[in-house]
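The sequence lines fix the lettering, A, B, ..., with proteins before strands; numbering per chain opens at 1.
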2 protein chains.
Amino acid sequence: MVTIKDISERCGVSRATVSKALNGHTDIGADTIAQIRRVAKEMGYLPNATARTLKLGRSHNIGVLFVDKTGCGLRHEYFSSILDSLKVEAERRGYDITFISKDIGEFSMDYYEHTKYRNCDGVAIATVDFSNPAVLKLIASEIPTVSLDFVYDNRTSVLSDNIGGISALVHYIYDMGHRRIAFIHGEDTSVTQKRLISFHKTCASLGLHVPEYYFKPALYHDPKLSGLATRELLALSDRPTCILYPDDFSFIGGMNELERHGVSIPDDMSVAGYDGILLSQVLRPRLTTYRQDAETMGCEAAAKLVELIEQPKTALPQQIMVSGQLLKGDTVKNINE
Amino acid sequence: MVTIKDISERCGVSRATVSKALNGHTDIGADTIAQIRRVAKEMGYLPNATARTLKLGRSHNIGVLFVDKTGCGLRHEYFSSILDSLKVEAERRGYDITFISKDIGEFSMDYYEHTKYRNCDGVAIATVDFSNPAVLKLIASEIPTVSLDFVYDNRTSVLSDNIGGISALVHYIYDMGHRRIAFIHGEDTSVTQKRLISFHKTCASLGLHVPEYYFKPALYHDPKLSGLATRELLALSDRPTCILYPDDFSFIGGMNELERHGVSIPDDMSVAGYDGILLSQVLRPRLTTYRQDAETMGCEAAAKLVELIEQPKTALPQQIMVSGQLLKGDTVKNINE
DNA sequence: CAAACTGGCTTAAACGATTTCGTAGCTTGA
DNA sequence: TCAAGCTACGAAATCGTTTAAGCCAGTTTG
């Protein structure tokens, strides 16, 4: 490998001079700089990130923490979209991405230790499970972090507008004339809590009384459970006219169940999803849903994290709310007249 | 940060002794080792991967290259599954994962340069676009690589059994009595070529003549184009009785088109997908498809790559074929009687 | 009993880069 | 003419870790 030393010998200058020339310091003569740059290119010199990291204590490397309770991990389009855009933005700003995990090889480390071990400058945390103590240890540490969809002690985070999303959906459904709206919701997480609160509040503000049995617990990304919940709702004497699903993918379970019972969407039953994944927009009828702007979230997360890293003094911790978009598909029927 | 130096001072031994004690060298007294290990734990010592990498020339870090022509990137479940399992297996073997990209920050590098820059011990390459010269430069280099779904000059690769997959599908469809099978295929890649060849061969071996207009070009992961192709096939005077789609997701476009024309699946038209993503198995009727075993592929890729890295002498380059599984759903009708 | 060996530790160099502090030589100004 | 200032560069320390080589005392061997 070509190193700075090789260049310095070839050019008859010291290693210090080469380093300065390549890094644009001003105390080197113009001719010398030109010569060094030329020789460096000729010899195929590449800087060594490892050596630089060791000396400077900065790796230009961002850790990404995806903890996966559910088993679907990166397969969830919401997460993979965030990761994809986070990666693009980080790279644009000169940072690489490394996954942070526990237990690398035989050596067992927690997330915080792993981050230090790899000298990551900061970590983006996207996980369902923020109750994990190892995750909390990392967030609470001195390492710059940005958490997605979770706020810890006023630290920087990027949040999807769950309140606004559910509110927009419910308002739209209400405007279409629906008064009996059921909500099949995901497992108990802070996100789910926000959605439930928003659902309650919105309904209350619209003067809607929602009976307890219109709330059905299910899981995210699990069509089977949503299917079961759907069946229970169909069995009610006062069937809802519209069902909200935990997410677009879970809705598939409901869709199948409705079809099995000969209940047509949206004529006999209106439905809405959440997420706005690709799938939702290619189904027919097109699913009414709330699109979470995962691209913007990933991008913002990378941007804020880099800011925290590069201006630790001036970068204020903040919660960035990324609003999504109501996608009016064709699965909520207008029953006004 | 606690370093080896701190421990050495506390224990009254040299840094070399500490390093050896922690790394299990045998020329240190048992008492000394015990004491050093204890003090290290007490002080919260963590090894520094960067320093180690610099000294040893080994980073225990694997690069992952995902190039994305299509724009859907990691969002494609096939890729994200591979990545997920690759990550798990690499970590199990003591390696971290870093994404390799071009153009990090203002400095422009190709993939090979980036890999050297970050001192990655090896790279797993998963991309659609193997014609990219920068990708080829990396594969052809001295850096250990494992490519997915692509063979370069007999180097190690992990391959999905595209030949066997299409063959299995066609045989199954033939056995169900179909003689007019159309094939909507993806864009021109080596994978597509293999599938087309397999389709031709299998049909020939079954004595099936397939007219040219039963082959429709479309794109992977693009329901719209598959929808259009479906429409064209429906307009034919000698309609096929079964349509093969580029992949499960694209099939959605066909599904919609068929429904629009009042063509019911599978009574009026049989269909099959490819990939076996989650979606395919929650749709009703359940999609008949060929499941690519992305988990095994990612796992094998990581395993082989680590082998190439750790035993460069003895690890023979090889092509590992990962076979998938025919998922007999309910979308291919038995029309034998 | 000298030579050879051994266990247990240290010394010092090395990995590749950056940066602080000099300093030699030149120009400038009064 | 000389102090001051500037330009262009170098010496050396440093980041944290590893390892070849050396050393010393004590033990074994011929």
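- Here B:Tyr45 reaches the OP1 or OP2 of D:dT17: one of its side-chain N or O atoms lies under 4.0 Å away.
- If you measure from atom CD1 of B:Ile7 to atom C1' of D:dG16, you get 11 Å, rounded to the nearest angstrom.
- Residue B:Lys20 places a side-chain atom within donor-acceptor reach of the base of C:dT10, judged by atom type and a 3.5 Å distance cut-off alone.
- Ranked by how close their nearest DNA chain D nucleotide is to the 5' end, A:Thr26 and A:Ala16 are led by A:Thr26.
- As rounded to whole Å, 14 Å separates atom P of D:dT17 from atom NE2 of B:His25.
- B:Glu307 and B:Lys304 are joined by a salt bridge, as a carboxylate oxygen and a charged side-chain nitrogen come within less than 4.0 angstrom of each other.
- Nearer to the 5' terminus of DNA chain C, by closest-nucleotide assignment, is the contact made by B:Thr32 (compared with the other of B:Thr32 and B:Leu54).
- Of the candidate nucleotides D:dT19, C:dT19, D:dT17, C:dT19 has the atom lying nearest to any side-chain atom of A:Leu56.
- Residue B:Arg52 has its side chain nearest to D:dT17 when only C:dT11, D:dT17, C:dT19 are considered.
- In this model, a donor atom of one side chain and an acceptor atom of the other lie less than 3.5 Å apart for B:Tyr78 and B:Asp149.
- In this structure, B:Arg37 does not pair ionically with B:Glu42, as no charged nitrogen and carboxylate oxygen lie closer than 4.0 Å.
- DNA chain C is contacted by both B:Gly12 and A:Asp27; B:Gly12 maps to the nucleotide lying nearer its 5′ end (nearest heavy atom per residue).
- Heavy-atom contacts from other residues, nucleotides or ligands closer than 6.0 Å to CZ of B:Arg155 number more than 12.
- Here B:Ser14 lies in heavy-atom contact (under 4.0 Å) with a base.
- One N or O donor and one acceptor, one from the side chain of B:Arg15 and one from the base of D:dT17, sit under 3.5 Å apart.
- Summarising the geometry, the separation between CD1 on B:Ile36 and P on C:dC9 is reported as 8 Å, rounded to the nearest angstrom.
- Residue B:Thr50 is out of contact with every strand shown, counting any heavy-atom pair closer than 4.0 Å.
- A:Asp31 has its CG atom 8 Å from the P atom of D:dC9, to the nearest Å.
- C:dA17 atom P lies 13 Å from atom CD of A:Glu9, rounded to whole Å.
- For A:Lys5, the salt bridge (charged side-chain N to carboxylate O under 4.0 Å, His left out) test picks out no residue, with sequence neighbours left out.
- Between the CD1 atom of A:Ile33 and the C1' atom of D:dA8 there is a distance of 10 Å, rounded to whole Å.
- Using a 4.0 Å heavy-atom distance criterion, A:Val18 is classed as making no nucleic acid contact.
- Contact between the side-chain N/O atoms of A:Thr17 and the OP1/OP2 oxygens of D:dG10 is found at a separation under 4.0 Å.
- You'll find that the side chain of A:Ile28 is closest to D:dC9, out of C:dA17, D:dT17, D:dC9.
- Atom NZ in B:Lys5 sits about 15 Å away from atom P in C:dT10, given to the nearest Å.
- Contact annotation: B:Ser19 does not reach the phosphate of D:dT19 (side-chain N/O to OP1 or OP2, under 4.0 Å).
- Atom-to-atom, CG of A:Asn48 to C1' of D:dC15 comes out at 13 Å; the value is rounded to the nearest Å.
- Ring-plane geometry between A:His76 and A:His221 is classed as tilted, the angle between the planes lying from 30 to 60 degrees on a 0 to 90 degree scale.
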